[in-house]
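Take a look at the structure below.
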Protein chains: 2
Amino acid sequence: MSENKLNPDTRERILDFAEREFMAYGYEGTSMRMITSAAGVNLAAVNYHFGSKEGLLREVFRRRLGWLNGERLRVLTTLEEQAKGTPLKPSQVLEAFFGTLLRIGEDDAHGGMTFLRLLGRTLTDPAEFIRTFFASEYAEVIERYKLALFRALPDVPRAEIVWRLHFMLGAMSYAIAGTDVLQVITGLGIGDAAGEALDAKSEAKKLAERLMPFLLGGLRAPLPSAMAAAKRAAPTRRRASDLAEKKR
Amino acid sequence: MSENKLNPDTRERILDFAEREFMAYGYEGTSMRMITSAAGVNLAAVNYHFGSKEGLLREVFRRRLGWLNGERLRVLTTLEEQAKGTPLKPSQVLEAFFGTLLRIGEDDAHGGMTFLRLLGRTLTDPAEFIRTFFASEYAEVIERYKLALFRALPDVPRAEIVWRLHFMLGAMSYAIAGTDVLQVITGLGIGDAAGEALDAKSEAKKLAERLMPFLLGGLRAPLPSAMAAAKRAAPTRRRASDLAEKKR
DNA sequence: CTTTGGTTCAAACGTTCGTTTTATACTAGG
DNA sequence: CCTAGTATAAAACGAACGTTTGAACCAAAG
(Lines give C-alpha, C1' and ligand atoms only; values in the text may rest on other atoms or scores of the structure.)
Protein backbone atom coordinates (compact mmCIF):
# COMPACT_ATOMS: atom_id res chain seq x y z
CA MET A 1 0.00 0.00 0.00
CA SER A 2 1.49 3.37 -1.01
CA GLU A 3 1.05 5.98 1.69
CA ASN A 4 -1.94 8.01 0.46
CA LYS A 5 -0.29 8.71 -2.84
CA LEU A 6 -2.86 10.69 -4.82
CA ASN A 7 -2.00 11.46 -8.38
CA PRO A 8 -0.96 15.09 -8.15
CA ASP A 9 -1.37 15.71 -11.86
CA THR A 10 -5.03 14.87 -12.17
CA ARG A 11 -6.07 16.47 -8.91
CA GLU A 12 -4.25 19.72 -9.53
CA ARG A 13 -5.31 19.83 -13.15
CA ILE A 14 -8.94 19.56 -12.11
CA LEU A 15 -8.55 22.36 -9.57
CA ASP A 16 -6.80 24.62 -12.07
CA PHE A 17 -9.38 24.18 -14.79
CA ALA A 18 -12.32 24.26 -12.37
CA GLU A 19 -11.03 27.61 -11.13
CA ARG A 20 -11.02 28.98 -14.62
CA GLU A 21 -14.41 27.57 -15.66
CA PHE A 22 -16.15 28.61 -12.46
CA MET A 23 -14.72 32.08 -12.93
CA ALA A 24 -15.97 32.32 -16.50
CA TYR A 25 -19.44 30.80 -16.09
CA GLY A 26 -20.27 30.73 -12.38
CA TYR A 27 -20.86 27.69 -10.21
CA GLU A 28 -24.28 26.72 -11.51
CA GLY A 29 -23.36 27.70 -15.03
CA THR A 30 -20.39 25.36 -15.14
CA SER A 31 -20.98 21.66 -15.68
CA MET A 32 -18.59 18.97 -14.51
CA ARG A 33 -18.27 17.88 -18.13
CA MET A 34 -17.04 21.35 -19.07
CA ILE A 35 -14.34 21.11 -16.43
CA THR A 36 -13.20 17.56 -17.07
CA SER A 37 -13.12 17.89 -20.82
CA ALA A 38 -11.16 21.13 -20.57
CA ALA A 39 -8.73 19.47 -18.17
CA GLY A 40 -8.55 16.33 -20.27
CA VAL A 41 -9.47 14.00 -17.44
CA ASN A 42 -12.26 11.52 -16.96
CA LEU A 43 -15.62 12.76 -15.74
CA ALA A 44 -15.64 10.45 -12.74
CA ALA A 45 -12.31 11.81 -11.52
CA VAL A 46 -14.03 14.77 -9.90
CA ASN A 47 -16.26 12.65 -7.73
CA TYR A 48 -13.35 10.36 -6.98
CA HIS A 49 -11.07 13.15 -5.76
CA PHE A 50 -13.54 15.65 -4.34
CA GLY A 51 -16.69 13.68 -3.63
CA SER A 52 -19.05 16.04 -5.39
CA LYS A 53 -19.29 19.24 -7.38
CA GLU A 54 -19.77 21.16 -4.15
CA GLY A 55 -16.70 19.52 -2.73
CA LEU A 56 -14.75 20.56 -5.80
CA LEU A 57 -15.72 24.21 -5.43
CA ARG A 58 -14.85 24.14 -1.75
CA GLU A 59 -11.43 22.72 -2.53
CA VAL A 60 -10.82 25.26 -5.28
CA PHE A 61 -11.31 27.99 -2.70
CA ARG A 62 -9.67 26.25 0.23
CA ARG A 63 -6.48 25.88 -1.74
CA ARG A 64 -6.24 29.64 -2.27
CA LEU A 65 -8.01 31.08 0.75
CA GLY A 66 -6.06 28.93 3.16
CA TRP A 67 -2.86 30.55 2.02
CA LEU A 68 -4.35 34.05 1.65
CA ASN A 69 -5.99 34.25 5.04
CA GLY A 70 -3.01 32.65 6.74
CA GLU A 71 -0.85 35.32 5.17
CA ARG A 72 -3.26 38.01 6.28
CA LEU A 73 -3.11 36.81 9.86
CA ARG A 74 0.66 36.54 9.73
CA VAL A 75 1.09 40.07 8.36
CA LEU A 76 -1.27 41.56 10.92
CA THR A 77 0.47 39.78 13.75
CA THR A 78 3.84 41.07 12.58
CA LEU A 79 2.53 44.63 12.38
CA GLU A 80 1.04 44.43 15.85
CA GLU A 81 4.26 43.10 17.28
CA GLN A 82 6.21 45.92 15.69
CA ALA A 83 3.73 48.45 17.09
CA LYS A 84 4.39 47.15 20.62
CA GLY A 85 0.88 47.66 21.89
CA THR A 86 0.12 50.97 20.21
CA PRO A 87 -2.81 50.95 17.78
CA LEU A 88 -2.03 50.50 14.12
CA LYS A 89 -2.85 53.17 11.59
CA PRO A 90 -5.98 52.48 9.52
CA SER A 91 -3.89 52.56 6.40
CA GLN A 92 -1.69 49.81 7.76
CA VAL A 93 -4.68 47.60 8.50
CA LEU A 94 -6.13 48.14 5.05
CA GLU A 95 -2.81 47.51 3.39
CA ALA A 96 -2.44 44.25 5.28
CA PHE A 97 -5.92 43.06 4.42
CA PHE A 98 -6.52 44.33 0.90
CA GLY A 99 -2.94 44.65 -0.24
CA THR A 100 -2.26 41.02 0.56
CA LEU A 101 -5.27 40.04 -1.52
CA LEU A 102 -4.54 42.32 -4.44
CA ARG A 103 -0.97 41.12 -4.70
CA ILE A 104 -2.38 37.72 -5.62
CA GLY A 105 -3.40 39.30 -8.90
CA GLU A 106 0.26 39.63 -9.83
CA ASP A 107 1.14 36.17 -8.54
CA ASP A 108 0.07 33.29 -10.75
CA ALA A 109 1.38 30.80 -8.22
CA HIS A 110 -1.56 31.70 -6.01
CA GLY A 111 -4.18 31.96 -8.69
CA GLY A 112 -3.52 35.37 -10.20
CA MET A 113 -6.31 37.42 -11.69
CA THR A 114 -8.27 34.27 -12.46
CA PHE A 115 -8.71 33.53 -8.80
CA LEU A 116 -9.36 37.17 -7.91
CA ARG A 117 -12.17 37.34 -10.43
CA LEU A 118 -13.59 34.05 -9.26
CA LEU A 119 -13.53 35.27 -5.68
CA GLY A 120 -15.23 38.55 -6.52
CA ARG A 121 -17.96 36.84 -8.46
CA THR A 122 -18.56 34.11 -5.93
CA LEU A 123 -18.75 36.31 -2.85
CA THR A 124 -22.23 37.41 -3.90
CA ASP A 125 -23.45 33.96 -4.86
CA PRO A 126 -26.65 33.27 -2.96
CA ALA A 127 -26.17 29.49 -2.69
CA GLU A 128 -26.40 28.39 0.90
CA PHE A 129 -23.43 26.05 0.96
CA ILE A 130 -21.19 28.70 -0.57
CA ARG A 131 -22.13 31.32 1.98
CA THR A 132 -21.63 29.07 4.97
CA PHE A 133 -18.33 27.91 3.53
CA PHE A 134 -17.06 31.45 3.13
CA ALA A 135 -18.29 32.32 6.60
CA SER A 136 -16.19 29.60 8.16
CA GLU A 137 -13.18 30.32 5.96
CA TYR A 138 -13.26 34.02 6.80
CA ALA A 139 -14.39 33.92 10.41
CA GLU A 140 -11.01 34.17 12.08
CA VAL A 141 -9.42 36.71 9.76
CA ILE A 142 -12.46 38.98 9.80
CA GLU A 143 -12.58 38.91 13.56
CA ARG A 144 -8.91 39.80 13.90
CA TYR A 145 -9.10 42.66 11.42
CA LYS A 146 -12.30 43.99 12.90
CA LEU A 147 -10.60 44.27 16.26
CA ALA A 148 -7.56 45.89 14.68
CA LEU A 149 -9.80 48.51 13.09
CA PHE A 150 -11.61 49.09 16.38
CA ARG A 151 -8.25 49.83 17.98
CA ALA A 152 -7.10 51.95 15.05
CA LEU A 153 -10.25 54.08 15.21
CA PRO A 154 -11.10 54.15 18.91
CA ASP A 155 -13.46 57.13 18.68
CA VAL A 156 -15.59 55.74 15.89
CA PRO A 157 -18.63 53.69 16.90
CA ARG A 158 -17.91 50.03 16.30
CA ALA A 159 -21.11 49.50 14.37
CA GLU A 160 -19.97 52.20 11.98
CA ILE A 161 -16.64 50.47 11.45
CA VAL A 162 -18.41 47.22 10.65
CA TRP A 163 -20.55 49.01 8.09
CA ARG A 164 -17.51 50.46 6.42
CA LEU A 165 -15.63 47.20 6.43
CA HIS A 166 -18.67 45.84 4.66
CA PHE A 167 -18.54 48.59 2.05
CA MET A 168 -14.81 48.16 1.53
CA LEU A 169 -15.23 44.45 0.97
CA GLY A 170 -17.86 45.29 -1.60
CA ALA A 171 -15.80 47.82 -3.51
CA MET A 172 -12.94 45.34 -3.64
CA SER A 173 -15.06 42.34 -4.48
CA TYR A 174 -16.78 44.08 -7.34
CA ALA A 175 -13.61 45.67 -8.60
CA ILE A 176 -11.77 42.37 -8.85
CA ALA A 177 -14.80 40.61 -10.30
CA GLY A 178 -14.35 42.83 -13.31
CA THR A 179 -17.78 42.30 -14.83
CA ASP A 180 -18.66 45.92 -14.51
CA VAL A 181 -21.22 47.74 -16.57
CA LEU A 182 -18.59 50.37 -17.15
CA GLN A 183 -16.22 47.84 -18.64
CA VAL A 184 -18.83 46.33 -20.85
CA ILE A 185 -19.87 49.74 -22.09
CA THR A 186 -16.36 50.99 -22.71
CA GLY A 187 -15.61 47.72 -24.45
CA LEU A 188 -12.20 46.81 -23.14
CA GLY A 189 -11.19 46.52 -19.54
CA ILE A 190 -10.69 49.73 -17.63
CA GLY A 191 -7.16 49.80 -18.93
CA ASP A 192 -5.63 53.18 -19.42
CA ALA A 193 -6.94 56.53 -20.48
CA ALA A 194 -5.70 55.65 -23.94
CA GLY A 195 -7.63 52.41 -23.66
CA GLU A 196 -4.93 49.92 -24.53
CA ALA A 197 -5.35 46.42 -23.20
CA LEU A 198 -3.21 45.50 -20.21
CA ASP A 199 -1.84 42.14 -19.21
CA ALA A 200 -3.15 40.64 -16.02
CA LYS A 201 -0.24 41.70 -13.84
CA SER A 202 -0.26 45.35 -14.86
CA GLU A 203 -4.00 45.27 -14.45
CA ALA A 204 -3.66 43.99 -10.91
CA LYS A 205 -1.07 46.62 -10.04
CA LYS A 206 -3.15 49.48 -11.44
CA LEU A 207 -6.17 48.21 -9.58
CA ALA A 208 -4.34 48.13 -6.26
CA GLU A 209 -2.97 51.63 -6.76
CA ARG A 210 -6.42 52.99 -7.42
CA LEU A 211 -8.40 50.97 -4.93
CA MET A 212 -6.37 51.53 -1.76
CA PRO A 213 -6.78 55.34 -1.64
CA PHE A 214 -10.48 54.96 -2.35
CA LEU A 215 -10.95 52.53 0.50
CA LEU A 216 -8.99 54.67 2.90
CA GLY A 217 -10.99 57.73 1.91
CA GLY A 218 -14.23 55.87 2.46
CA LEU A 219 -13.13 54.44 5.77
CA ARG A 220 -12.18 57.84 7.13
CA ALA A 221 -15.09 59.81 5.71
CA PRO A 222 -17.07 62.00 8.11
CA LEU A 223 -19.68 60.11 10.04
CA PRO A 224 -23.34 60.66 9.15
CA SER A 225 -23.88 62.34 12.51
CA ALA A 226 -20.85 64.56 12.00
CA MET A 227 -22.13 65.53 8.58
CA ALA A 228 -25.53 66.44 9.95
CA ALA A 229 -23.90 68.52 12.69
CA ALA A 230 -21.63 70.25 10.20
CA LYS A 231 -24.60 70.98 8.02
CA ARG A 232 -26.41 72.61 10.90
CA ALA A 233 -23.37 74.72 11.74
CA ALA A 234 -22.48 75.86 8.24
CA PRO A 235 -24.91 74.54 5.67
CA THR A 236 -22.98 75.47 2.57
CA ARG A 237 -19.40 74.90 3.60
CA ARG A 238 -17.14 72.64 1.59
CA ARG A 239 -14.78 70.15 3.13
CA ALA A 240 -11.05 70.49 2.59
CA SER A 241 -9.58 67.76 0.53
CA ASP A 242 -6.49 66.89 -1.44
CA LEU A 243 -8.82 66.35 -4.33
CA ALA A 244 -10.06 68.97 -6.67
CA GLU A 245 -13.01 70.32 -4.77
CA LYS A 246 -11.92 73.78 -3.73
CA LYS A 247 -11.33 74.70 -0.13
CA ARG A 248 -13.69 77.13 1.52
CA MET B 1 -59.53 40.64 -31.81
CA SER B 2 -58.95 42.37 -28.48
CA GLU B 3 -56.18 44.90 -28.71
CA ASN B 4 -53.18 43.12 -27.21
CA LYS B 5 -55.03 42.33 -24.01
CA LEU B 6 -52.60 40.21 -22.03
CA ASN B 7 -53.79 38.81 -18.76
CA PRO B 8 -52.19 41.18 -16.27
CA ASP B 9 -52.59 38.79 -13.38
CA THR B 10 -50.56 35.91 -14.72
CA ARG B 11 -47.89 38.05 -16.32
CA GLU B 12 -47.32 40.22 -13.28
CA ARG B 13 -47.49 37.26 -10.93
CA ILE B 14 -44.74 35.54 -12.87
CA LEU B 15 -42.56 38.64 -12.78
CA ASP B 16 -43.10 39.12 -9.05
CA PHE B 17 -42.26 35.56 -8.13
CA ALA B 18 -39.41 35.31 -10.62
CA GLU B 19 -37.90 38.38 -8.99
CA ARG B 20 -38.02 36.72 -5.62
CA GLU B 21 -36.74 33.33 -6.74
CA PHE B 22 -33.92 34.75 -8.84
CA MET B 23 -32.91 36.85 -5.87
CA ALA B 24 -32.86 33.86 -3.54
CA TYR B 25 -31.19 31.30 -5.79
CA GLY B 26 -29.58 33.16 -8.69
CA TYR B 27 -30.46 32.85 -12.36
CA GLU B 28 -28.96 29.43 -13.04
CA GLY B 29 -29.98 28.17 -9.63
CA THR B 30 -33.66 28.93 -10.23
CA SER B 31 -35.72 26.61 -12.42
CA MET B 32 -38.79 27.68 -14.27
CA ARG B 33 -40.72 25.09 -12.31
CA MET B 34 -39.71 26.75 -9.05
CA ILE B 35 -41.08 30.04 -10.35
CA THR B 36 -44.31 28.79 -11.85
CA SER B 37 -45.21 26.56 -8.94
CA ALA B 38 -44.51 29.39 -6.46
CA ALA B 39 -46.65 31.72 -8.56
CA GLY B 40 -49.34 29.11 -9.01
CA VAL B 41 -49.35 29.34 -12.79
CA ASN B 42 -48.78 26.83 -15.52
CA LEU B 43 -45.23 26.04 -16.55
CA ALA B 44 -45.84 26.94 -20.18
CA ALA B 45 -47.03 30.41 -19.22
CA VAL B 46 -43.46 31.68 -18.96
CA ASN B 47 -42.59 30.74 -22.51
CA TYR B 48 -45.93 32.06 -23.66
CA HIS B 49 -45.49 35.49 -22.09
CA PHE B 50 -41.72 35.95 -22.21
CA GLY B 51 -40.49 33.55 -24.86
CA SER B 52 -37.76 31.98 -22.78
CA LYS B 53 -36.13 31.96 -19.38
CA GLU B 54 -33.66 34.58 -20.57
CA GLY B 55 -36.53 36.71 -21.78
CA LEU B 56 -38.14 36.40 -18.36
CA LEU B 57 -35.03 37.63 -16.57
CA ARG B 58 -34.69 40.51 -18.97
CA GLU B 59 -38.28 41.55 -18.37
CA VAL B 60 -37.88 41.26 -14.60
CA PHE B 61 -35.09 43.82 -14.81
CA ARG B 62 -36.55 45.97 -17.54
CA ARG B 63 -39.64 46.54 -15.47
CA ARG B 64 -37.59 47.99 -12.61
CA LEU B 65 -34.55 49.46 -14.34
CA GLY B 66 -36.66 51.30 -16.87
CA TRP B 67 -38.26 53.28 -14.10
CA LEU B 68 -35.08 53.64 -12.04
CA ASN B 69 -32.82 54.88 -14.79
CA GLY B 70 -35.50 57.13 -16.18
CA GLU B 71 -35.83 58.65 -12.73
CA ARG B 72 -32.07 59.03 -12.50
CA LEU B 73 -31.94 60.90 -15.76
CA ARG B 74 -34.87 63.09 -14.78
CA VAL B 75 -33.33 64.02 -11.41
CA LEU B 76 -29.97 64.83 -12.96
CA THR B 77 -31.56 66.96 -15.62
CA THR B 78 -33.49 68.90 -13.00
CA LEU B 79 -30.35 69.49 -10.94
CA GLU B 80 -28.44 70.68 -13.95
CA GLU B 81 -31.20 73.06 -14.93
CA GLN B 82 -31.27 74.49 -11.43
CA ALA B 83 -27.49 74.94 -11.50
CA LYS B 84 -27.81 77.04 -14.64
CA GLY B 85 -24.59 75.87 -16.22
CA THR B 86 -22.42 75.75 -13.11
CA PRO B 87 -21.00 72.36 -12.21
CA LEU B 88 -22.88 70.31 -9.66
CA LYS B 89 -21.31 69.30 -6.37
CA PRO B 90 -20.07 65.70 -6.25
CA SER B 91 -22.43 65.04 -3.37
CA GLN B 92 -25.36 66.10 -5.51
CA VAL B 93 -24.38 63.75 -8.29
CA LEU B 94 -23.96 60.84 -5.90
CA GLU B 95 -27.23 61.59 -4.19
CA ALA B 96 -29.01 61.62 -7.52
CA PHE B 97 -27.48 58.34 -8.67
CA PHE B 98 -27.24 56.26 -5.51
CA GLY B 99 -29.95 57.92 -3.49
CA THR B 100 -32.50 57.28 -6.20
CA LEU B 101 -31.53 53.63 -6.21
CA LEU B 102 -31.44 53.19 -2.45
CA ARG B 103 -34.86 54.75 -2.03
CA ILE B 104 -36.25 51.79 -3.96
CA GLY B 105 -35.44 49.73 -0.89
CA GLU B 106 -38.16 51.57 1.00
CA ASP B 107 -40.60 51.43 -1.89
CA ASP B 108 -42.25 48.08 -2.47
CA ALA B 109 -44.06 49.46 -5.49
CA HIS B 110 -40.73 49.43 -7.32
CA GLY B 111 -39.44 46.16 -5.96
CA GLY B 112 -38.20 47.09 -2.51
CA MET B 113 -35.30 45.26 -0.95
CA THR B 114 -36.07 42.16 -2.98
CA PHE B 115 -35.20 43.93 -6.19
CA LEU B 116 -32.19 45.68 -4.67
CA ARG B 117 -30.75 42.36 -3.55
CA LEU B 118 -31.47 40.78 -6.91
CA LEU B 119 -29.74 43.66 -8.65
CA GLY B 120 -26.69 43.49 -6.42
CA ARG B 121 -26.33 39.78 -6.90
CA THR B 122 -26.89 39.84 -10.64
CA LEU B 123 -24.49 42.67 -11.46
CA THR B 124 -21.57 40.29 -10.95
CA ASP B 125 -23.14 37.39 -12.85
CA PRO B 126 -20.73 36.31 -15.56
CA ALA B 127 -23.39 35.12 -18.04
CA GLU B 128 -22.90 36.83 -21.36
CA PHE B 129 -26.50 37.70 -22.08
CA ILE B 130 -26.89 39.27 -18.65
CA ARG B 131 -23.84 41.47 -19.04
CA THR B 132 -24.77 42.72 -22.47
CA PHE B 133 -28.29 43.36 -21.26
CA PHE B 134 -27.09 45.46 -18.34
CA ALA B 135 -24.67 47.29 -20.59
CA SER B 136 -27.47 48.43 -22.87
CA GLU B 137 -29.81 49.23 -19.99
CA TYR B 138 -27.20 51.35 -18.23
CA ALA B 139 -25.42 52.91 -21.20
CA GLU B 140 -27.23 56.23 -21.26
CA VAL B 141 -27.43 56.85 -17.53
CA ILE B 142 -23.79 55.94 -16.95
CA GLU B 143 -22.69 58.25 -19.72
CA ARG B 144 -24.69 61.16 -18.35
CA TYR B 145 -23.45 60.70 -14.79
CA LYS B 146 -19.88 60.22 -15.89
CA LEU B 147 -19.99 63.58 -17.62
CA ALA B 148 -21.62 65.18 -14.58
CA LEU B 149 -18.78 63.90 -12.41
CA PHE B 150 -16.20 65.12 -14.89
CA ARG B 151 -17.69 68.57 -14.60
CA ALA B 152 -18.03 68.34 -10.82
CA LEU B 153 -14.36 67.38 -10.44
CA PRO B 154 -12.65 69.27 -13.26
CA ASP B 155 -9.13 68.94 -11.81
CA VAL B 156 -9.28 65.17 -11.35
CA PRO B 157 -8.08 63.05 -14.25
CA ARG B 158 -11.05 61.52 -16.00
CA ALA B 159 -9.62 58.02 -15.87
CA GLU B 160 -9.44 58.37 -12.11
CA ILE B 161 -13.07 59.38 -11.91
CA VAL B 162 -14.05 56.33 -13.94
CA TRP B 163 -12.11 54.10 -11.56
CA ARG B 164 -13.86 55.58 -8.59
CA LEU B 165 -17.27 55.36 -10.16
CA HIS B 166 -16.44 51.71 -10.66
CA PHE B 167 -15.54 51.32 -6.97
CA MET B 168 -18.64 53.14 -5.83
CA LEU B 169 -20.84 50.90 -7.94
CA GLY B 170 -19.12 47.96 -6.32
CA ALA B 171 -19.58 49.12 -2.76
CA MET B 172 -23.23 49.76 -3.45
CA SER B 173 -23.82 46.56 -5.39
CA TYR B 174 -22.28 44.40 -2.71
CA ALA B 175 -23.97 46.27 0.11
CA ILE B 176 -27.43 45.85 -1.35
CA ALA B 177 -26.76 42.23 -2.28
CA GLY B 178 -26.60 41.52 1.42
CA THR B 179 -24.81 38.18 1.19
CA ASP B 180 -21.81 39.44 3.04
CA VAL B 181 -19.35 37.29 4.94
CA LEU B 182 -19.77 39.72 7.79
CA GLN B 183 -23.48 39.15 7.89
CA VAL B 184 -23.17 35.40 7.76
CA ILE B 185 -20.62 35.44 10.55
CA THR B 186 -22.57 37.77 12.79
CA GLY B 187 -25.64 35.69 12.09
CA LEU B 188 -28.31 38.31 11.57
CA GLY B 189 -28.31 41.10 9.07
CA ILE B 190 -26.14 44.07 9.87
CA GLY B 191 -28.99 45.47 11.88
CA ASP B 192 -28.10 47.57 14.86
CA ALA B 193 -25.29 47.50 17.38
CA ALA B 194 -27.71 45.72 19.65
CA GLY B 195 -28.28 43.24 16.85
CA GLU B 196 -32.04 43.32 16.60
CA ALA B 197 -33.57 42.40 13.28
CA LEU B 198 -34.84 45.27 11.19
CA ASP B 199 -37.68 45.32 8.73
CA ALA B 200 -36.79 45.90 5.11
CA LYS B 201 -37.61 49.60 5.08
CA SER B 202 -35.60 50.54 8.14
CA GLU B 203 -32.81 48.41 6.74
CA ALA B 204 -32.87 50.34 3.49
CA LYS B 205 -32.84 53.66 5.28
CA LYS B 206 -29.92 52.72 7.53
CA LEU B 207 -28.01 51.45 4.55
CA ALA B 208 -28.44 54.69 2.65
CA GLU B 209 -27.38 56.77 5.66
CA ARG B 210 -24.19 54.76 6.01
CA LEU B 211 -23.34 54.24 2.39
CA MET B 212 -23.56 57.79 1.07
CA PRO B 213 -20.84 59.28 3.32
CA PHE B 214 -18.58 56.34 2.54
CA LEU B 215 -18.98 56.81 -1.20
CA LEU B 216 -18.37 60.52 -0.96
CA GLY B 217 -15.28 59.96 1.13
CA GLY B 218 -13.95 57.47 -1.35
CA LEU B 219 -14.70 59.66 -4.34
CA ARG B 220 -12.85 62.61 -2.83
CA ALA B 221 -9.93 60.71 -1.38
CA PRO B 222 -6.43 61.96 -2.22
CA LEU B 223 -5.18 60.75 -5.56
CA PRO B 224 -2.42 58.13 -5.61
CA SER B 225 -0.05 60.70 -7.10
CA ALA B 226 -0.99 63.27 -4.44
CA MET B 227 -0.41 60.71 -1.73
CA ALA B 228 3.01 59.82 -3.09
CA ALA B 229 3.91 63.50 -3.26
CA ALA B 230 2.68 64.10 0.28
CA LYS B 231 4.66 61.12 1.50
CA ARG B 232 7.81 62.51 -0.05
CA ALA B 233 7.22 65.90 1.58
CA ALA B 234 6.38 64.66 5.07
CA PRO B 235 6.58 60.89 5.30
CA THR B 236 4.91 60.46 8.67
CA ARG B 237 2.22 63.09 8.66
CA ARG B 238 -1.38 62.19 9.28
CA ARG B 239 -4.23 63.69 7.37
CA ALA B 240 -6.80 65.76 9.21
CA SER B 241 -10.18 64.17 9.22
CA ASP B 242 -13.61 64.50 10.82
CA LEU B 243 -13.16 60.89 11.82
CA ALA B 244 -11.34 59.64 14.85
CA GLU B 245 -7.80 59.36 13.68
CA LYS B 246 -6.02 61.75 16.01
CA LYS B 247 -4.10 64.71 14.77
CA ARG B 248 -0.48 64.61 15.63
C1' DC C 1 4.51 -14.38 -8.76
C1' DT C 2 0.38 -12.94 -6.46
C1' DT C 3 -2.04 -9.62 -4.02
C1' DT C 4 -3.53 -5.25 -2.78
C1' DG C 5 -5.12 -0.64 -2.91
C1' DG C 6 -5.06 3.68 -5.27
C1' DT C 7 -6.42 5.51 -9.75
C1' DT C 8 -8.50 5.88 -14.37
C1' DC C 9 -11.92 4.77 -17.63
C1' DA C 10 -16.28 4.02 -20.48
C1' DA C 11 -20.83 3.47 -19.82
C1' DA C 12 -24.96 3.91 -17.79
C1' DC C 13 -28.20 5.62 -14.03
C1' DG C 14 -32.21 8.31 -12.75
C1' DT C 15 -33.50 13.09 -12.44
C1' DT C 16 -34.24 17.61 -13.80
C1' DC C 17 -33.81 21.02 -17.12
C1' DG C 18 -35.97 24.54 -20.78
C1' DT C 19 -38.94 24.09 -24.34
C1' DT C 20 -42.67 22.43 -27.41
C1' DT C 21 -46.85 20.38 -28.58
C1' DT C 22 -51.65 19.66 -28.53
C1' DA C 23 -55.97 20.44 -26.69
C1' DT C 24 -59.28 23.21 -24.30
C1' DA C 25 -61.50 27.30 -22.45
C1' DC C 26 -62.64 32.13 -22.74
C1' DT C 27 -63.63 36.63 -25.00
C1' DA C 28 -64.83 39.73 -28.09
C1' DG C 29 -65.87 41.14 -33.33
C1' DG C 30 -68.58 40.19 -37.33
C1' DC D 1 -74.46 32.10 -34.02
C1' DC D 2 -69.81 31.70 -35.63
C1' DT D 3 -65.04 32.77 -35.68
C1' DA D 4 -60.53 34.65 -34.63
C1' DG D 5 -57.39 35.60 -31.33
C1' DT D 6 -55.78 35.19 -26.59
C1' DA D 7 -54.86 32.62 -22.63
C1' DT D 8 -54.40 28.47 -19.71
C1' DA D 9 -53.74 23.56 -19.15
C1' DA D 10 -51.61 18.83 -19.17
C1' DA D 11 -48.35 16.10 -21.14
C1' DA D 12 -44.46 14.98 -23.40
C1' DC D 13 -39.87 16.10 -25.76
C1' DG D 14 -34.85 15.50 -26.18
C1' DA D 15 -30.88 17.19 -23.97
C1' DA D 16 -28.00 17.88 -20.20
C1' DC D 17 -27.20 17.36 -15.49
C1' DG D 18 -24.52 15.19 -11.16
C1' DT D 19 -23.56 10.84 -9.71
C1' DT D 20 -22.68 5.76 -9.61
C1' DT D 21 -21.11 1.44 -11.30
C1' DG D 22 -17.89 -2.14 -12.44
C1' DA D 23 -14.14 -3.33 -14.89
C1' DA D 24 -9.36 -2.31 -16.14
C1' DC D 25 -4.86 -0.65 -15.07
C1' DC D 26 -0.70 -0.11 -12.47
C1' DA D 27 2.85 0.33 -9.00
C1' DA D 28 4.46 -1.42 -4.86
C1' DA D 29 4.03 -4.85 -0.81
C1' DG D 30 4.11 -9.59 0.67
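Lettering of chains follows the sequences in order, A, B, ..., and the numbering in each one begins at 1.
- A straight line from CG of B/N47 to P of C/dC17 spans 14 Å, rounded to a whole angstrom.
- Between the side chain of A/R121 and the backbone N or O of A/M23 there is at least one donor-acceptor pair closer than 3.5 Å.
- Taking the six-membered ring where the residue is Trp, A/W67 and A/H110 present parallel rings, their angle staying beneath 30° rather than reaching 60°.
- When distances are taken from the side chain of A/K53 to each of C/dC17, D/dT19, C/dT19, the shortest belongs to D/dT19.
- The pair A/K53-A/E28 does not meet the salt-bridge criterion, since no charged nitrogen lies less than 4.0 angstrom from a carboxylate oxygen.
- Rounded to an integer number of Å, the gap from B/Y27 OH to C/dC17 C1' is 11 Å.
- Close to C/dT16, at under 4.0 Å from its OP1 or OP2, lies no side-chain N or O of B/S31.
- Of the candidate nucleotides C/dG6, C/dA12, D/dT8, C/dA12 has the atom nearest to the side chain of A/R33.
- Following rounding to the nearest Å, B/I35 (CD1) and C/dT16 (C1') show an atom-to-atom distance of 15 Å.
- Using a cutoff of 4.0 Å between basic side-chain nitrogens and carboxylate oxygens, B/R72 and B/E140 are not scored as salt-bridged.
- Taking atom CZ on B/F50 and atom P on D/dT8, their separation rounds to 11 Å, with Å as the unit.
- A salt bridge is absent between A/E59 and A/R64: the closest approach of a Lys/Arg side-chain nitrogen to an acidic carboxylate oxygen does not fall below 4.0 angstrom.
- In this structure, B/G40 and B/L43 both approach DNA chain D, and ranking their closest nucleotides by distance from the 5' end singles out B/G40.
- When the nucleotides D/dT8, C/dC9, D/dT20 are ranked by their closest atom to the side chain of A/N42, C/dC9 comes out on top.
- In this entry the distance linking CD of A/E12 with P of C/dT8 reads 13 Å, nearest Å.
- Closest contact between the side chain of A/H49 and the listed nucleotides D/dC17, C/dT8, D/dT6 involves C/dT8.
- As a whole-Å value, the separation of A/I14 CD1 from C/dC9 C1' is 13 Å.
- Close to C/dT8, at under 4.0 Å from its OP1 or OP2, lies a side-chain N or O of A/T10.
- Relative orientation of the A/Y174 and B/H166 rings is tilted, given thresholds of 30° and 60° on the angle between their planes.
- Summarising the geometry, the separation between CD on B/E28 and C1' on C/dG18 is reported as 11 Å, rounded to the nearest angstrom.
- At the heavy-atom level, A/T30 lies under 4.0 Å from the strands shown only through sugar-phosphate atoms.
- Aromatic rings from A/F129 and A/Y27 are positioned such that their centres are separated by under 6.0 Å.
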Sugar-phosphate or base contact per nucleotide [nucleotides 21-26 of chain C; S, B, -; heavy atom under 4.0 Å]: ------
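- Nucleotide D/dA24 holds its P atom 18 Å from the OH atom of A/Y48, rounded to whole Å.
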